Amino acid sequence: MSDLNFFFEVLIGGLLSGVMYSLVALGFVLIYKASGVFNFAQGSMVLFAALTFVGIMEQGIPFWPALVVALVVMMVLAVGIERVVLRPLVNQPQISLFMATIGLSYLLEGLGQGLWGTQVRALDLGIEDMPNETIQTMLGIQVSTFDIFSAISAALLVGLLALFFNKTRVGLALRAVADDHQAALAVGIPLQHVWAIVWAAAGLVALVAGLLWGSRLGVQFSLSLVALKALPVLILGGFTSIAGAIVGGLIIGASEKLAEVYIGTFTGGAVAAVENWFPYMLALVFLLVRPQGLFGDKIIERV
Amino acid sequence: MKKSVLASLAIGAGLLAGASSPSPVMAQAMEQFMPIPIYRTGPYAAGGTGYFGGFMDYMAMVNARDNGVNGVKMIWEECETAYDNARGVECYERLKGKGPTGAAMFHPLSTGITYSTFEKGTADKVPVVSMGYGRGDAMVGSVFPYTFPLVTTYWSQNTAKIKFIGMKEGGMDKLKGKKLVNVYHDSAYGKETIDILNKQAAMYGFEIKHFPVAHPGLDQKAIWLQIKQFAPDWVILRGWGVMNPTAIKEAARIGFPREKMLGVWWSGSEEDMRPAGTAAKGFYAAGFHPAGKNFPVLKDIEKFVQSKGKGNIEAERMGTIYYNRGVVTGIISLEAIRTAQEKFGKKPLTGEQVQWGLEHLNLTAARIKALGGEGLVQPIKTSCNDHEGGGAVKFQQWDGEKWTVVSDWIDADKSLVRPLAEESAAKYAKEKGITPRDCSKEM
């Protein structure tokens, strides 16, 4: 394989990994847009959603009905979170909401594993995670069919969310709530409904991310750790932009893979696991230059 | 009034006298305490629950079937470590003094926690037993009196793995010029075999390249693309938890044959293979015991514990690799207690006394058969200077559904391992100002 082909293989592999990171980052963005809070529980929601789906399938329910039931569970969970956790915290400092999501994270991890067990489970979506022969023949590089499927799924999800939040009244209400809770309430926007809808959308994103990541890693506790991959994406892309989550994911995915291969080789292995720290370093540098991220809203506060 | 005051004084004096005098009710309970630093949560929960589930089930079975070890009932308490070093140390401190005589021994089930607790164990006289993990040089008992890397250390296992690869290649001389890759968990556990692999590479003339994977190892695409560039003949996988199925899937994606992949025993459980699906078929792993339920000891666990609803783990996990490793741990640990009882009496023992039992363990084939563990446990004979005792490894292959043993016991290359261990132990002793015990005087 030529060096150029290898470079493109690393680059494309990185971009497709980035799409997987974006999927997780999307959930964070939705919650942040609606409530201005970093949802610490997003990773746990991914785990809970995947565990629920696999758990339901283990009861003998076929794929599609299990998917619908898992989605309903995530919706009910969203309404429950709004009622029990968020509603009492309206107009409270954002740090209180953040702390509540930390508690929620532990609750969901415990609840999911308590209900469905701690065993590692396989999840087969029927998509082969092997190099796509057509691409290999045409371009001479190996790209997994599963990665292509993930990228298409992510694109569809983003399109759906963009339509929902930009072309519907709920989307308009969301933008108003994100701007100012109290002002939104004052003009009659039902804050509770908006929050429940946004958490339900985050639940949908968690379910899709859980299925795709779970299919690759197995459904197990480690799914909750995929959130770690989303953090530099959010810093880079901005916490309030769906497009930012996608672009940030692509940049992080591609750059970390290229760094692992080329910096790792350059240092002769002296610097270990470049892939793990490079995205954070990149995000940190980016923070110094553009604190709000690529697509984030610039916050101007009068003091 | 005066009478009632005198009566009260008399009652008070009587109570005080009663409290200070010995009472038969307060005699030492016939119980031996075993700490269980489990991890039921976190990314490695499958290993923690399987291993300690098997260990606790074995102790429960011995209690139910034999009324404990020579009449001394095993008792235990769980402490959640989540595979975290700091929490592991906390668990050690919390549990070391429990039970009538303190902890019999401590099984960290983590190389990191072993490194964090073995010096404490030496100071507290609580044996730290790292069966199939921990630091390799701790087999030198003269320097590490309270650390027991029983059965097989990583170093021994590694030499057996190279022997296995040599066998597959048609002889050790065929290793010359071959290219091997070591994909390891970037932790104390993962790094444990780097030096010995480098030495073996120089010895046999193969090229070795090491690739660290940071915890938890969710995405390894870039590493495997580099492996593809390197085009190795064999890949050794030193994974843990989710890193294993991810590595196997990545290998499949670059078209690397799984029949040329060989895992450490922490990469060789059912929980590591099933998430990888068909990609795992053909993968080899080392093991110091097989999987399966067809052993008398497991049938007794089924009869006395699981069938009565008293199991410490789901019944369907019986016979899995992690579960059986816990049962093996139980057999060896309780035999060490039994050995110590022969010297110190059939009563609850202190950690110091159990250390003697661990150091004088002689688990013969006949004894293993009597314990119902024939084919499950290898013979072990320890001594003051040999805290490993066994050293042999079997290899198994995943057929897509289950593990199949594909080799007999393959002995470690002790002529290589032992001098390395002694050299490393001597270095440690010098650093810490330890004067090694004279084992010739401790027979």
Side-chain angles (χ1 to χ4, degrees), chain A residues 1 3 6-7 9-10 13-14 16-17 20-21 106 109-110 113 117-124 128-131 136 142-147 213-226 228-229 253 256-262 264-265 269 271-278, chain B residues 39-50 53 82 184-186 190-191 209-226 228-231 241-246 249-250 252-255 269-280 313-314 316-317 320:
Chain A
M1 175 183 263
D3 285 350
F6 180 66
F7 171 82
E9 203 167 298
V10 175
L16 292 170
S17 285
M20 295 285 277
Y21 305 161
Y106 287 112
E109 282 171 17
Q113 293 182 100
T118 54
Q119 283 204 61
V120 181
R121 295 167 170 90
L123 173 58
D124 186 4
E128 206 180 25
D129 200 359
M130 295 291 272
Q136 198 165 357
Q142 292 183 334
V143 179
S144 162
T145 308
F146 186 87
D147 281 346
W213 276 97
S215 174
R216 172 155 287 169
L217 307 175
V219 176
Q220 53 181 308
F221 181 86
S222 296
L223 280 181
S224 65
L225 304 177
V226 299
L228 295 174
K229 289 284 185 187
E256 71 171 19
K257 300 293 181 258
L258 290 169
E260 172 70 42
V261 171
Y262 294 104
T265 311
V271 182
V274 177
E275 191 174 7
N276 225 43
W277 56 260
F278 187 82
Chain B
Y39 28 99
R40 289 192 182 277
T41 62
Y44 309 111
T49 52
Y184 67 94
H185 193 265
D186 196 14
K191 292 171 185 167
K209 206 164 184 176
H210 306 279
F211 288 93
V213 176
H215 159 86
L218 296 171
D219 194 287
Q220 302 167 29
K221 204 173 281 174
I223 287 164
W224 283 89
L225 284 172
Q226 289 175 83
K228 184 180 166 188
Q229 280 287 80
F230 183 61
V242 72
M243 177 187 156
N244 291 318
T246 310
K249 281 200 160 187
E250 291 291 354
R253 285 152 61 107
I254 63 160
S269 73
E270 293 80 357
E271 287 85 349
D272 298 318
M273 298 300 112
R274 285 187 185 132
T278 52
I313 190 171
E314 303 91 324
E316 60 268 23
R317 291 184 70 187
T320 60

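In what follows, chains are A, B, ... by sequence order, proteins preceding strands, each numbered from 1. It should be emphasised that the depicted structure is a prediction, and the values quoted were computed from it without experimental measurement.
Only the side chain of A:Tyr21 comes within less than 4.5 Å of a heavy atom of chain B; its backbone N, CA, C and O stay farther away. Contacts between A:Val226 and chain B at a heavy-atom distance below 4.5 Å involve backbone atoms as well as side-chain atoms.
Atom CZ of B:Phe230 is surrounded by more than 12 heavy atoms from other residues, nucleotides or ligands within 6.0 Å.
Across all their heavy atoms, B:Arg253 and A:Pro131 have their closest contact at O-CG, 2.9 Å. Residue A:Ser17 comes nearest to B:Lys221 through the heavy atom pair OG-NZ, 2.9 Å, listed as atom of the first residue, atom of the second, then distance.
Most heavy-atom pairs under 4.5 Å with chain B: of the set A:Leu123, A:Val120, A:Leu217, A:Asp124, this distinction falls to A:Leu217. Taking A:Met20, A:Gln113, A:Met130 one by one and counting their heavy-atom pairs under 4.5 Å with chain B, the maximum is reached by A:Met130. With chain A as the partner, the residue from B:Ala45, B:Ala252, B:Ala279 showing the most heavy-atom pairs under 4.5 Å is B:Ala252. Chain B forms more heavy-atom pairs under 4.5 Å with one residue of A:Val10, A:Asp129, A:Leu223 than with any other, namely A:Asp129.
For B:Glu314, the side-chain contact (heavy atoms from CB on, under 4.5 Å) partners are A:Gln119, B:Glu316, B:Arg317, not counting sequence neighbours. Qualifying ring-ring contact (aromatic ring centres under 6.0 Å, His included) partners for B:Tyr39, counting only residues two or more places apart in sequence or in other chains: B:Tyr83.
Between A:Glu9 and B:Lys228, some side-chain heavy-atom pair lies under the 4.5 Å cut-off. Between B:Gln229 and A:Val261, every side-chain heavy-atom pair lies at or beyond the 4.5 Å cut-off.
Of the charged side-chain nitrogens involved, none lies within less than 4.0 Å of a carboxylate oxygen, so that A:Arg216 and B:Asp219 do not count as a salt-bridged pair.
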Item to complete: Assess whether side-chain contact (heavy atoms from CB on, under 4.5 Å) is satisfied between B:Thr41 and A:Glu109, documenting all intermediate values.
Response: CA-CA 9 Å; B:Thr41 62; A:Glu109 282 171 17; over 6 Å; no

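Once rounded to the nearest 0.5 Å, the distance linking CD of B:Gln226 with CZ of A:Phe6 reads 6.0 Å. B:Glu250 CD to A:Ser144 OG: the interatomic distance, rounded to the nearest 0.5 Å, is 8.5 Å. Rounded to the nearest 0.5 angstrom, A:Glu260 CD and B:Ile223 CD1 are separated by 4.5 Å.
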